[in-house]
J.: 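Just passing along the structure, written as structure tokens.
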Amino acid sequence: MEFRREEIMPAVYLTALQTDKFKTAVLSLSLLTQLDAQTASMNALIPSVLRRGTVRCPDMDSLASYMDGLYGLKAEPVVRCVGEIQAPGFYLSFPDDRYLPGKERLLPKAAGLLGELLLSPNTRGGLFLPDYVERERSRLAQRIRARRNNKDGYAVLRLIELMCAYEPIAAGSLGSEQDAEGVNYVALSKHYRKLIASSPIELFYCGTAGFDEAASALTEALSRLPRGEIDWDMGTEIRMNSLEEEPRVFNESMELSQGKLALGWRLGECMEEPDLAAIRVFNAVYGGTAASKLFMNVRERLSLCYYASSGADTQKGLLLVASAVNFENFGRAREEILAQLEAVKRGEITDEELDTARKSCSSALRALEDDPAALESYWLTMNVSGAELGPAELAASCELVTREEAAAIARSCELDAELYLRGKEEDGDEPERD
Amino acid sequence: MSLSVTEYANIGERLYSGRLGNGLRLAVLPRPGFLKKYAFFAANYGGVMRDFSVGGRRVASPEGVAHFLEHKMFDMPWGNALGLLSARGASPNAYTSDFITAYHFECTEGFYEDLDTLLEFVSTPYFTAESVQKEQGIIGEEIGMTENDPGHALYYGLMRCLYEHCRVRDSVIGTAESIAQITPEVLTDCHRAFYAPSNLLLCVVGDVEPERVAEAAERILPKEFSPAPEPDFGPPEGPEPFERRFMKEMDVSAPQFMFGAKLSPEGEGDGLLRRQLVCALALRCLAGTSSKLYTSMYAEGLIRSFWNEADWGPCAAYAVFGGEGPEPERVLGRFSEAVKAVSERGFDAGSFENCKRAEYGQRLRLLGSASAAADRLARGSFLGCEELRSFELLPGITKDECESFVRDFLGPERLALAVVCPKPRKD
């Protein structure tokens, strides 16, 4: 697999991986911008509105049948966050030419469509069609509301929102429901013009074509990209300490027959110069795998919950634990989750636990090279954070992490917030209403 | 044993396959240059196979037993196989559906050692009263999780509308009451019947030596052939749904729906594969993202999402259309109008050809995922189909066949609808 990364137009970077391993090629574009509650919803909305129609394919019918004809090429509007940098854009995937009955060249067509979606929307008088904007904003608001439907995922999102209430990350990659509903098509059109002129752009390609071929297809497709003054003023605010002396406790109730407990820490001083490998290995020891302390103790030994797992956000500097617990076990589960972290702090990590954690981190990283979608997301994060470290290099570092290094990460963590999602029946003070 | 090699040059695949003396099916899809190796060991045994004979004795097993057995198979006299595989750096897991049970792991190093462990634990029944009792607690928690899951409610709501007695009505994980009846003896009976090698398939996707995979299976699994059981699925059901509507209020942000129709599960080989392809193509043309039905409902705000799929098993097959939108009844009405229009005037020829290309691309995409590829190969094999032949059959599917499918199976009298509505909020 050949890696190359270059600036192909002003502030437009292409990361290309040439390989014939995959049957499906990937092409993506991300506009980089500071996450901010004021603009988050507009940024999230732009790809969806652009995806409704272009000058050549003005509506969904014509776009969808054009893509069907390209062997089901997919062009998904996406919006992600890397720390507190918001990245709206498009993710395209399409079959490799070798396996098509007519051996058609799809890369130039895919790049062309990407350019068209970004730069030639179906507009009237230079403004987005009000109908498209109205429909997409209500879909976005609905999507934000729908986060409640998956209680497990929601508990973690809600914890971050509450724990980091005064930081940009609280806006979430989609912004708030109210902001989404309030977006106006004139303002959105203006914001779009500004965004495409001032945002640095990350492009990613993984497939059989070489760098030069991908670069020339993309340069041609983006030839009309306006480049004004580039806005480089963006970054992620990292808090080293918990907000208050004692962890803040939040209680919420939902229609639930089983409780959700989510705990959040600041990774703390280790974020001054984050050692990505040590943080990964620490997380694997603590709660990141089915051989971790949380899994083996909270679930297997004590049967306190159906799952208890941890995750670390190395951009924002957070450690998060999520679990599904019967209401009556909230207290015991919390106690055990904290007790296991204390054990890691004291360096109580067996040789086997350490070895398993290192192996699981390194093999997960090496295995990224077998999955184009995982590579795309890995490189977006790396490129945005400015660490040009390939998965194999990071895997090699993970294999060398020591017990003391993993324990030091645990000691650096400060518990900042606890969220308990409770059932409605539980507290009798709420009157039932039909 | 020697494996036979089938080349599918059109899609760049080579399949090593064969059957051991004990009846085990083997399939290896090489992935040269890949670090990740994926092993998938499946039993032709799912939630619906509850009534069967073993050693001449009739067994009626409780709801949820296939899934319970899956959880308990990881227990070994020496410890837990899930923990061992994880400790070696592999990612092991398992799942049970209506029609199959599958144990799988993915790893980058130590593949053959992990493969030995997989073959060993799946073929070793080891159940104690204490461990069964403890598992009742863990699965009880899992049942608790599904009670809050709208997808679970919709799916079973629809199945209970479509079918009157077929076991697809019942939850794969069972109920608190049903799993309380499970004992080590019940598990032993089910294992003896359904985990005979002749009822299993081992599929490996990755950069491995096919002969070494076969050698491991021969060395570890029982040598003797014992025939696969023939589960009793009860009398076949008529084409129309048992009931037409299911409705439930839950804590969701907007109404969610699933509607669908029964298909006929009979047949095998290319005949069945062709019918599956006709169905997939018909659903795509009728209700896929490029269909008039989809784009018009999207533009009007009737759907936030709208997907379709078909599932094929030994006793039941059905097409399901699911999604989210404010007025599920109107979605169903529009769907029936679209069915009527196709029944009368047929599909547009150009769109049909485009859909065929999209279906081809979509199937190629699935081969990129080892887990999806192995799951499809296994399900196909258990139904007597050679999944990879679909790329050869697809171009020959006619517009006529797809139109007949729509006319024959998706008329309004065959449809049932399940809806989960938001509870009125207190806040």
Side-chain angles (χ1 to χ4, degrees), chain A residues 21-24 59-61 64-65 67-73 93-95 98-101 131 135 138-139 142-143 145-149 151-152 254-258 289-291 296 299-300 303 305-306 324 326 352 355-356 359-360 362-364 366-367 369-372 424 430 433-434, chain B residues 10-12 31 33-36 80 82-83 86-93 106-109 134 137-138 141-142 144-145 147-148 150 250-254 256 288-292 294-295 298-299 301 304 324 350-351 353-355 357-362 364-365 367-368 395 423-424 426:
Chain A
K21 271 170 82 171
F22 307 122
K23 291 190 160 63
T24 302
D59 51 30
M60 283 183 72
D61 289 55
S65 71
M67 296 193 294
D68 273 359
L70 300 177
Y71 291 90
L73 173 142
S93 61
F94 47 96
R98 288 170 299 166
Y99 305 120
L100 298 179
D131 172 43
R135 192 62 71 200
S138 79
R139 287 170 59 83
Q142 180 53 33
R143 197 172 145 202
R145 280 194 291 275
R147 300 186 314 185
R148 285 174 70 91
N149 298 354
K151 314 296 181 214
D152 300 287
M254 294 178 93
E255 276 319 316
L256 282 175
S257 55
Q258 183 189 48
T289 75
M296 295 311 290
R299 175 182 142 131
E300 295 290 298
S303 298
C305 57
Y306 185 67
N326 277 348
E352 198 190 333
D355 192 46
T356 302
K359 267 195 209 146
S360 112
S362 70
S363 67
R366 289 183 207 279
E369 307 219 328
D370 291 348
D371 180 352
K424 292 229 153 143
E430 284 193 43
R433 202 191 299 168
D434 292 329
Chain B
N10 52 339
I11 49 166
R31 290 281 178 271
F34 278 61
L35 288 161
K36 232 188 282 187
N80 185 281
L82 192 77
S86 304
R88 287 202 211 120
S91 314
N93 213 334
E106 184 181 280
C107 72
T108 54
E109 279 163 49
K134 190 176 165 207
I138 292 179
E141 299 271 343
E142 196 179 348
M145 280 175 68
E147 280 168 5
N148 298 323
M250 292 179 84
D251 186 1
V252 291
S253 55
Q256 305 191 10
T289 50
S290 60
S291 66
K292 266 272 173 290
Y294 184 101
T295 56
Y298 184 107
R304 189 174 77 93
E324 188 184 299
S351 312
E353 284 311 313
N354 276 343
C355 279
R357 288 176 158 220
E359 184 66 28
Y360 190 94
Q362 174 61 19
L364 208 52
R365 204 182 281 275
L367 285 177
K423 270 195 176 170
K426 290 171 187 169

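What you see below is based on every heavy atom in this structure, not just the backbone, and it leaves out hydrogens, waters and symmetry mates. To find a chain, count down the sequence lines: A is the first, B the second, and so on, and within it residues start at 1.
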J.: With Arg299(A), which residues qualify under salt bridge (Lys or Arg N to Asp or Glu O under 4.0 Å), at least two apart?
T.: none
J.: For a quick test of reading the model, state the closest non-hydrogen atom pair linking Ser257(A) to Gly144(B) and the distance between them.
T.: OG-O, 3.2 Å
J.: Test side-chain contact (heavy atoms from CB on, under 4.5 Å) on Leu367(B) and Ile11(B); report intermediate values, then the result.
T.: CA-CA 9 Å; Leu367(B) 285 177; Ile11(B) 49 166; 3.9 Å; yes
J.: What residue, out of Asn93(B), Asn80(B), Leu35(B), has the most heavy-atom pairs lying under 4.5 Å from chain A?
T.: Leu35(B)
J.: Need one label for Tyr298(B): side chain, backbone, both or neither, based on atoms under 4.5 Å from any heavy atom in chain A.
T.: both
J.: Below 4.5 Å from any heavy atom of chain B, which atoms of Arg135(A) appear? Answer side chain, backbone, both or neither.
T.: side chain
J.: Under 4.5 Å heavy-atom distance to chain B, tell me which part of Asp152(A) shows up: side chain, backbone, both or neither.
T.: side chain
J.: Among Gln256(B), Glu142(B), Gln362(B), Glu147(B), who wins on heavy-atom pairs under 4.5 Å with chain A?
T.: Glu142(B)
J.: Examine whether an atom of Phe34(B) lies under 4.5 Å from a heavy atom of chain A, and if so say whether it belongs to the side chain, the backbone or both; otherwise answer neither.
T.: both
J.: So, Arg365(B) side chain and Gly72(A) main chain: donor-acceptor pair closer than 3.5 Å or not?
T.: yes
J.: For each of Pro150(B), Gly137(B), Ala87(B), Gly368(B), tally heavy-atom pairs with chain A at distances under 4.5 Å, and name the one with the top tally.
T.: Ala87(B)
J.: Within a reach of under 6.0 Å around NZ of Lys292(B), are more than 12 heavy atoms found that belong to other residues, nucleotides or ligands?
T.: no
J.: With distance as the sole test, does Gln258(A) use its side chain to make a donor-acceptor pair with the main-chain N or O of Glu141(B) at under 3.5 Å?
T.: yes
J.: What part of Arg147(A) gets closer than 4.5 Å to chain B, counting heavy atoms only: side chain, backbone, both or neither?
T.: neither
J.: Which bit of Glu324(B) comes within less than 4.5 Å of chain A, counting heavy atoms only: side chain, backbone, both or neither?
T.: side chain
J.: Check each atom of Glu353(B) against the heavy atoms of chain A and say whether the ones under 4.5 Å are side chain, backbone, both or neither.
T.: neither
J.: So what's closer than 4.5 Å to chain A heavy atoms on Ala299(B): side chain, backbone, both or neither?
T.: both
J.: Sequence neighbours left out, what passes salt bridge (Lys or Arg N to Asp or Glu O under 4.0 Å) with Asp371(A)? Give chain and number order.
T.: none
